[in-house]
Undergrad: 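The structure that follows is given in the form of structure tokens.
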Amino acid sequence: MHPSTHAKTHPDKPAFIMAYSGETVTYGELDARSNQGAHLFRNLGLKAGDSIACFIDNHPRYYEILWAAQRSGLRFTCLSSKLTTSEVEYIIKDCEAKVFIASAATSETAVAVASQISGVALYMIGGTSGAFKSFEEARASLPTAPIAEESAGRPMLYSSGTTGRPKGVKRAGPVEPAIDAPNPLANLGQALYGWTSDTIYLSPAPLYHAAPLGWSMALQSMGGTVVMMERFDAEDALRFIEQYKITSAQWVPTHFVRMLKLPKGVRERYDMSSLKSVFHAAAPCPVPVKEQMIAWWGPIVNEYYAGTEGNGFCIINSQEWLTHKGSVGRGLTAAVKICDEDGEPLPPRAEGLVFFEGGGQFEYHGDPAKTAESRNQHGWTTLGDVGWLDEEGYLYLTDRKSFMIISGGVNIYPQELENVLIGHPKVADAAVVGAPDEEMGEKVVAVIQPLDWADAGDDLRAELMAYARQHLSHVKSPKVIDFMAELPRHATGKLYKRLIRDAYWGKDGARIA
């Protein structure tokens, strides 16, 4: 299970195709270029266990870099191309990257970061800027044969809790497994979605997310073909399914919403008959949306619930979902437990914290306290989500990560924005919650207690909007700012955020004062 194997047996087969441009890279080319990249990393002094950071849009060189790191035994951290300078700087330093690779599309932020990360080798794909050297030129003259002592690297992606900075997720496992060791996601793709080496997989989301990264590399380990969209457009996604005869794809509910909102004539214009099995995750899918997708594409729409931490995996297919609407499935790789505040299991239909028993182990890089918080006294692990089980063991999520906001499949952590807003001189207190949004699932709402109530109004609202965007990427910035004379806090300082959030979700008795 590795592209190098398929480079020997099917060197001319496409490993990936860029959907819009049509640029195609074969397994033979992917193998040669990833070998050259591996030689470059070794020439820079990187050894197994060292780290690189990638700040790249969906670019054709991305997979070549990832597989170069994978066969060099490196940790590779993929950063959202939407992050701000301070966010990028923090992650590069925290993951201890020795090489920082950006793309021309992210160059403005990357150049601003460069002066703050001394000692890190700087490379860029698709051009050069500032102190960044061309990655393509640097590897061009290097050997296309494998490096000595290959070992399998792995991703270390960042997944934050509701407080503080994001932390890197390190999964347990052998330190230096063989580069062609069985890929767990490839095995799941085969068992659940019928994947084979003939599978043609559409990847419509940014590659820096855990799911697109993991699933597409898993398919390449099997010898299938990935079609990567440079950006998402609802009609174009349908066009590419027809054009490339896509057989499988992974989505988030926002993709479904946008495709369903296309005029009926547009949706019916494209041939979906090549699709054999699709799946979605990352955010709860509204029941009406999923009903429409199954009616449109047939009973090939699957769902799973999991996290970057890899501690558990729930699955549900269309037939099961139609009789358990709203469920995210039953545990596959670990037993699902619902626990009370003391970590003890609860009976069916009782709401509590979702734990996994017997699943994969993980730790948060450099944060033993946060790692410990994810375990209970039984050794079961949690992502911090709240839900309940029915009598058949189907899981239903009712809350997520203590009010974490999921907008368009992207995790947004309220505390990060609250910490920024509270630093504004005219803000006495701040609470950030998710409110319903028809297209994105949720939108970010900031509720502000002004230092002087006379300031509450459009001028302060605009000032705070601009202030937030100065400090955080736009996806984390508020879409709505409302004001309260006093936020509902207990004398101990605990914020009753549920009282605020409920006002936006139409709960009885809840209101914004």
Side-chain angles (χ1 to χ4, degrees), residues 13-20 22 24 58 185-207 209 211-220 222-283 285-305 315-322 325 328-329 409:
K13 183 177 182 178
F16 64 90
I17 302 169
M18 302 304 296
Y20 283 96
T24 300
N58 278 11
L185 278 185
N187 293 336
L188 286 173
Q190 287 178 304
L192 300 178
Y193 311 129
W195 279 11
T196 70
S197 59
D198 294 326
T199 295
I200 304 173
Y201 169 82
L202 182 68
S203 187
L207 192 56
H209 282 306
L213 177 74
W215 287 111
S216 59
M217 291 186 74
L219 185 69
Q220 288 170 344
M222 295 176 58
T225 297
V226 173
V227 177
M228 180 165 65
M229 292 181 69
E230 292 91 329
R231 61 188 182 278
F232 178 76
D233 176 86
E235 183 176 353
D236 286 343
L238 301 180
R239 176 167 62 87
F240 293 141
I241 291 171
E242 178 181 273
Q243 177 182 343
Y244 294 108
K245 295 180 171 53
I246 300 298
T247 61
S248 186
Q250 193 238 331
W251 311 90
V252 298
T254 299
H255 293 151
F256 289 164
V257 171
R258 291 181 179 178
M259 289 188 289
L260 288 167
K261 284 191 172 183
L262 292 170
K264 184 181 179 184
V266 173
R267 285 191 279 120
E268 293 178 346
R269 183 181 304 158
Y270 300 98
D271 182 3
M272 302 287 102
S273 63
S274 63
L275 290 175
K276 296 180 178 178
S277 183
V278 302
F279 50 103
H280 68 96
C285 187
V287 169
V289 170
K290 189 157 179 177
E291 287 174 332
Q292 292 176 71
M293 288 305 302
I294 294 173
W296 180 14
W297 286 358
I300 64 169
V301 181
N302 300 275
E303 181 174 0
Y304 72 86
Y305 163 65
I315 60 168
I316 191 166
N317 61 32
S318 290
Q319 292 84 351
E320 291 175 293
W321 186 87
L322 287 170
K325 291 184 179 181
V328 296

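Predicted, not measured: the structure shown is a model, and the values here were computed from it.
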Undergrad: Look at atom NZ of K276 and say whether more than 12 heavy atoms of other residues, nucleotides or ligands are closer to it than 6.0 Å.
TA: no

Undergrad: Can F16 and T24 be said to form a side chain to side chain contact (heavy atoms under 4.5 Å, CB included), step by step?
TA: CA-CA 6 Å; F16 64 90; T24 300; over 6 Å; no

Undergrad: By the definition side-chain hydrogen bond (donor to acceptor under 3.5 Å, both in side chains), identify the one residue from Y201, W195, Y193 that meets it with S248.
TA: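 Among Y201, W195, Y193, the one that satisfies the side-chain hydrogen bond (donor to acceptor under 3.5 Å, both in side chains) with S248 is W195.
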
Undergrad: Supply the atom-to-atom distance D233 CG to M259 CE, rounded to the nearest 0.5 angstrom.
TA: 11.0 Å

Undergrad: Could you tell me whether a side-chain N or O of T225 sits under 3.5 Å from a main-chain N or O of P14, the two making a donor and an acceptor?
TA: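 Side chain of T225 to backbone of P14, a donor-acceptor pair under 3.5 Å: yes, one is there.
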
Undergrad: Between S197 and K13, does a side chain to side chain contact (heavy atoms under 4.5 Å, CB included) hold up when you go through it step by step?
TA: CA-CA 10 Å; S197 59; K13 183 177 182 178; 4.1 Å; yes

Undergrad: Taking all atoms of both residues into account, what is the closest heavy-atom pair of A218 and L185, and its distance?
TA: CB-CB, 3.7 Å

Undergrad: Using every non-hydrogen atom in the two residues, find where A281 and P253 come nearest and quote the distance to one decimal.
TA: O-CD, 3.6 Å

Undergrad: Supply the atom-to-atom distance Q243 CD to I17 CD1, rounded to the nearest 0.5 angstrom.
TA: 9.0 Å

Undergrad: Kindly determine whether E303 and K290 satisfy salt bridge (charged side-chain N to carboxylate O under 4.0 Å, His left out), including the steps that lead there.
TA: CA-CA 10 Å; E303 181 174 0; K290 189 157 179 177; 2.6 Å; yes

Undergrad: Under a 3.5 Å distance rule, please check whether D198 uses its side chain to pair with a backbone N or O of G224 as donor and acceptor.
TA: no

Undergrad: Give me the atom names and distance for the closest heavy-atom approach of V289 to V257.
TA: CG2-CG2, 4.0 Å

Undergrad: Nearest 0.5 Å, what's the OG1-CG distance between T199 and L219?
TA: 6.0 Å

Undergrad: Between D271 and I241, what is the shortest heavy-atom contact and its length?
TA: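 Heavy atoms of D271 and I241 come nearest at O-CG2, 4.2 Å.
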
Undergrad: Judged by atom type as modelled, is there a donor-acceptor pair below 3.5 Å linking the side chain of S274 to the main-chain atoms of I246?
TA: yes

Undergrad: Which is it for K261 and F256 under the side chain to side chain contact (heavy atoms under 4.5 Å, CB included) test, yes or no, and what are the steps along the way?
TA: CA-CA 9 Å; K261 284 191 172 183; F256 289 164; over 6 Å; no

Undergrad: Just how far is it from atom OG of S203 to atom CE of M217, taken to the nearest 0.5 Å?
TA: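 If I round to the nearest 0.5 Å, the distance is 12.0 Å.
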
Undergrad: Strictly distance-based, threshold 3.5 Å: is any side-chain N or O of E242 a donor or acceptor partner for the main-chain N or O of L238?
TA: no

Undergrad: Which distance, rounded to the nearest 0.5 Å, do you find between the OH of Y20 and the CG of N58?
TA: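 Answer rounded to 0.5 Å: 11.0 Å.
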
Undergrad: Which pair of heavy atoms, one from L207 and one from S216, lies closest together, and at what distance?
TA: CD1-OG, 3.6 Å

Undergrad: Would you verify whether the NZ or CZ of R258 falls within 45 degrees of the ring axis of F232 while also being under 6.0 Å from that six-membered ring's centre?
TA: no

Undergrad: Heavy atoms only: give me the nearest G298-S318 pair and the separation to one decimal.
TA: O-OG, 4.3 Å

Undergrad: Does the ring centre of W215 sit less than 6.0 Å away from the ring centre of W251?
TA: no

Undergrad: Strictly by modelled atom types, are N302 and S277 linked by a side-chain donor-acceptor pair under 3.5 Å?
TA: yes

Undergrad: Keeping the roles fixed (side chain from H255, backbone from V252), state whether a donor-acceptor pair exists under 3.5 Å.
TA: yes

Undergrad: Are side-chain heavy atoms of H280 and Q250 found at a separation under 4.5 Å?
TA: no

Undergrad: Supply the atom-to-atom distance I294 CD1 to Q319 CD, rounded to the nearest 0.5 angstrom.
TA: 8.5 Å

Undergrad: Could you tell me whether the side chain of R269 reaches within less than 4.5 Å of the side chain of R239, counting heavy atoms only?
TA: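 Sidechains of R269 and R239: no contact.
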
Undergrad: Please determine if E235 and R267 form a salt bridge, counting it only when a charged side-chain N lies under 4.0 Å from a carboxylate O.
TA: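 No, this pair does not count.
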
Undergrad: Output yes when a side-chain donor or acceptor of E268 lies under 3.5 Å from a complementary backbone atom of G265, and no otherwise.
TA: no

Undergrad: One pair to check against side chain to side chain contact (heavy atoms under 4.5 Å, CB included): L275 and I300. What are the steps and the verdict?
TA: CA-CA 8 Å; L275 290 175; I300 64 169; 3.7 Å; yes

Undergrad: Side-chain contact test, heavy atoms from C-beta onward, threshold under 4.5 Å: evaluate it for V226 versus Q220 and give yes or no.
TA: yes

Undergrad: Does K245, at its NZ atom, have more than 12 non-hydrogen atoms belonging to other residues, nucleotides or ligands within less than 6.0 Å?
TA: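 Result for NZ/K245: open.
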
